[in-house]
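Residue numbering restarts at 1 for every chain, and letters A, B, ... go by the order of the sequence lines.
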There are 2 protein chains.
Amino acid sequence: MAQSDTVDRILDAAEELFAERGFSETSLRMITSKAKVNLAAVNYHFGSKNALIHAVFARFLTPFSATLEDAFDDLEARCDGEPPTLNQTLWALTESAVRMPQRNEKGISIFMRLLGLAYTQSQGHLRKFLEQEYSQPFSRFMRLLKEATPQLSAVDRYWRIQFMLGATAFTMSSSDALQDILQNKLGVETTVQEIAARLVPFLAAGMQAEDTMLVPPPHKTSVA
Amino acid sequence: MAQSDTVDRILDAAEELFAERGFSETSLRMITSKAKVNLAAVNYHFGSKNALIHAVFARFLTPFSATLEDAFDDLEARCDGEPPTLNQTLWALTESAVRMPQRNEKGISIFMRLLGLAYTQSQGHLRKFLEQEYSQPFSRFMRLLKEATPQLSAVDRYWRIQFMLGATAFTMSSSDALQDILQNKLGVETTVQEIAARLVPFLAAGMQAEDTMLVPPPHKTSVA
DNA sequence: CTGCCGGTCAAACGTATGTTTCAAACAGAC
DNA sequence: GTCTGTTTGAAACATACGTTTGACCGGCAG
C-alpha cells in the first residue's frame, strides 16, 4: 500500500456516487463509508466537499485535456494548412475521450455523466473551476468548429454548438438508465464507443443542415 | 382574493426556484418566503415537498398534453392516412409548446429547464410520476417518429431520439444564461420561438443522417 | 528511549432541512 | 351571535448535513 491510498479510495467512491446521484444528493458520509474511510478524511485531505468535487474532475480532466491537445496537434499537422473537416474534429474529440486510460470498464461513461451534471446542475463553483482550468482546449475546439463550418452565420453556429453539447451531455449523462431500458426493450448491449459512433454522424448532419429559415414554413394550421 | 391564492403563489415561486437552482438545492423555506406564505402551508396544501414537485409539473403538463393530443389529431387528420413527415411531427410538438397559455414571458423556457432537470437529476419519484401520468402523449409522439423514419433501425432510431431530447432539454434548460451570453457577444435578441426555429432543422437533419457506420472510418491515425 | 509529525479515529459542533404541532384567525351556514 | 370546518401562524421537532476538534497511533530521526 506504499503511503496512503486513502485519497484515491475517496476519489473513486466520490466519482461513482456523484455520477449516480448528483453532487448535492451525495453526502460525505456516503462517500466515506463506501470508501471505507473515516469521515474526517475528506476535509483533512481535500479541505471541503467542493474541493473534493474539483479534485474528482481534475483527476480525469487534466490528462484528458493533454491528450486532446495532442490529438488536435496531430489533426492539424495531418491537414497541413487546410482546416480539418467537421467530422475529423468531432472524431478527434471522441477518440481522445475513448482512449483515455480508464480505471474500470465503465470509467468513461461515469465521467461523461459527471460532465453532463456539471453543465446541468447550476453549481456555480464547479462551472467557474472548469472554465478557468480548462478554457484552452475548449477554446481550441471552438475554433476548429468555426473553421469547419464557414458557411454558418455566427448566430447559427452558436446555437448549433449548443445543440451538440446538449445532445452529448444529456445522452451521456443518462446513459446508464438509458442503456438499462434499451437492454430490456430491445435486448441490445451498447458500449460508450458505439453510442459515440451513433452520435457523431447525428451531430455532423445537424451542424450541416440547410440554413435556418426563421419563419417556420412547413406547417399549415386550421386553414387547409 | 376569492378563495385562497396561497396554492398558486407557492406553485409560482416553486416553479421559478426549482428551475433556477434544481430540486434538492431549493428549500421549502426559500419557496415560502419568496411566495410570502407560511412555511407550513406547503405541507398543508401539498403534503410533502415531493408532492409539491409533482404539482408543479402537473400544472403545466396536464393542459400541455391535452393540447399536444389535439395537435396530433389535427396533423393526422390533415395527412389522411399517410404518416406525417418528421418535420411536421416536430413542428406540431414545438408549436403546441409555444402556444400554451403562459403565466409570464419566460414561462416556456422555465418549464423546458424543469423538464431537463427532471430527466437529468436522478430523482426517482419524479421520473416514475412523469412516466405513469403522461405516458400516452409520449408514446404517441414516439409512434409518429417511428412512422416518419421507417428507414432507421430500431436501435438507431432509439438513440437518435435520445440525442434530440438531449439537444432540446439542454438548450432550453440553460437558455436564459445562453441568451445573456449571446446578447453580450453578438448583440442579438433571441426568443424561445426563434431558438425552436433553429433547433427543429438541426434535429430533423440529425434524425435523417446517413445510416450509422459502426466502425468509425473517417479517421487515419499516425499512418498517413 | 524521546520527541515529533503525518495520518486516522470517534465524537461533537453548529446549522439547515422537511415535517409536525397546536393555537389563532377566518369564512360561511344556521 | 354561534357553531363548524378550513386555512394560517409561530414555534418546535427530529434528522441529516459539512465541518471541527482533540485524542490517539505508528514510524522514524535524534
Side-chain angles (χ1 to χ4, degrees), chain A residues 1-59 114 117-118 121-126 128-129, chain B residues 1-59 114 117-118 121-126 128-129:
Chain A
M1 305 251 145
Q3 54 220 43
S4 147
D5 57 343
T6 304
V7 168
D8 289 302
R9 295 243 299 284
I10 293 176
L11 286 174
D12 288 339
E15 182 176 284
E16 207 159 329
L17 285 172
F18 285 151
E20 276 174 20
R21 318 174 32 94
F23 304 109
S24 314
E25 294 83 354
T26 301
S27 71
L28 292 185
R29 285 166 175 83
M30 293 178 200
I31 295 172
T32 53
S33 94
K34 171 165 189 151
K36 294 197 179 62
V37 155
N38 187 273
L39 169 60
V42 171
N43 284 280
Y44 177 78
H45 286 288
F46 297 93
S48 71
K49 184 181 179 180
N50 280 352
L52 169 62
I53 297 177
H54 296 173
V56 167
F57 277 87
R59 181 169 66 152
L114 283 183
L117 288 183
Q121 315 211 170
S122 25
Q123 300 277 59
H125 68 97
L126 222 191
K128 248 164 228 161
F129 169 77
Chain B
M1 297 256 145
Q3 56 217 43
S4 147
D5 59 342
T6 304
V7 168
D8 290 301
R9 297 242 299 284
I10 293 176
L11 285 174
D12 289 339
E15 183 177 282
E16 206 159 328
L17 286 172
F18 285 152
E20 276 173 19
R21 319 175 30 96
F23 304 110
S24 316
E25 294 84 352
T26 303
S27 71
L28 293 185
R29 283 168 176 82
M30 294 178 199
I31 295 171
T32 53
S33 93
K34 171 166 189 148
K36 294 197 178 62
V37 154
N38 188 272
L39 170 60
V42 171
N43 284 279
Y44 175 78
H45 286 289
F46 298 94
S48 70
K49 184 182 179 179
N50 280 351
L52 169 61
I53 296 176
H54 296 175
V56 167
F57 277 87
R59 180 169 67 153
L114 283 182
L117 288 182
Q121 312 210 176
S122 28
Q123 300 276 54
H125 67 97
L126 221 191
K128 246 164 228 161
F129 170 77

Interatomic distance, A:Leu52 atom CG to A:Asn43 atom CG [nearest 0.5 angstrom]: 9.5 Å

Using whole Å, report how far CG of B:Asp8 lies from P of D:dT7. 13 Å

When rounded to the nearest 0.5 angstrom, what is the spacing between CG in B:Leu11 and CZ in B:Phe46? 4.0 Å

Between atom CZ in A:Arg9 and atom P in C:dG7, what is the gap in whole Å? 15 Å

In Å and rounded to the nearest 0.5 Å, what is the CD to CZ distance from A:Glu16 to A:Arg21? 12.5 Å

How many Å lie between CZ on A:Phe46 and C1' on D:dG18, as a whole number? 15 Å

Spell out protein contact along nucleotides 9-19 of chain C as letters: B when the base is contacted, S when just the sugar-phosphate is, - when no protein heavy atom is under 4.0 Å; keep the 5' to 3' order. BB-B----BBB

Can you say whether the rings of B:Phe23 and B:Phe57 are parallel (under 30°), tilted (30 to 60°) or perpendicular (over 60°)? tilted

Whether A:Lys36 side chain and A:Arg9 backbone form a donor-acceptor pair below 3.5 Å: no

Rounded to whole Å, how long is the line connecting atom OH of B:Tyr44 with atom P of C:dC22? 16 Å

For A:His45 and C:dG6, is the shortest distance between a side-chain N/O and OP1 or OP2 below 4.0 Å? no

Check step by step if side-chain contact (heavy atoms from CB on, under 4.5 Å) holds for A:Arg59 and A:Asp12. CA-CA 10 Å; A:Arg59 181 169 66 152; A:Asp12 288 339; 3.0 Å; yes

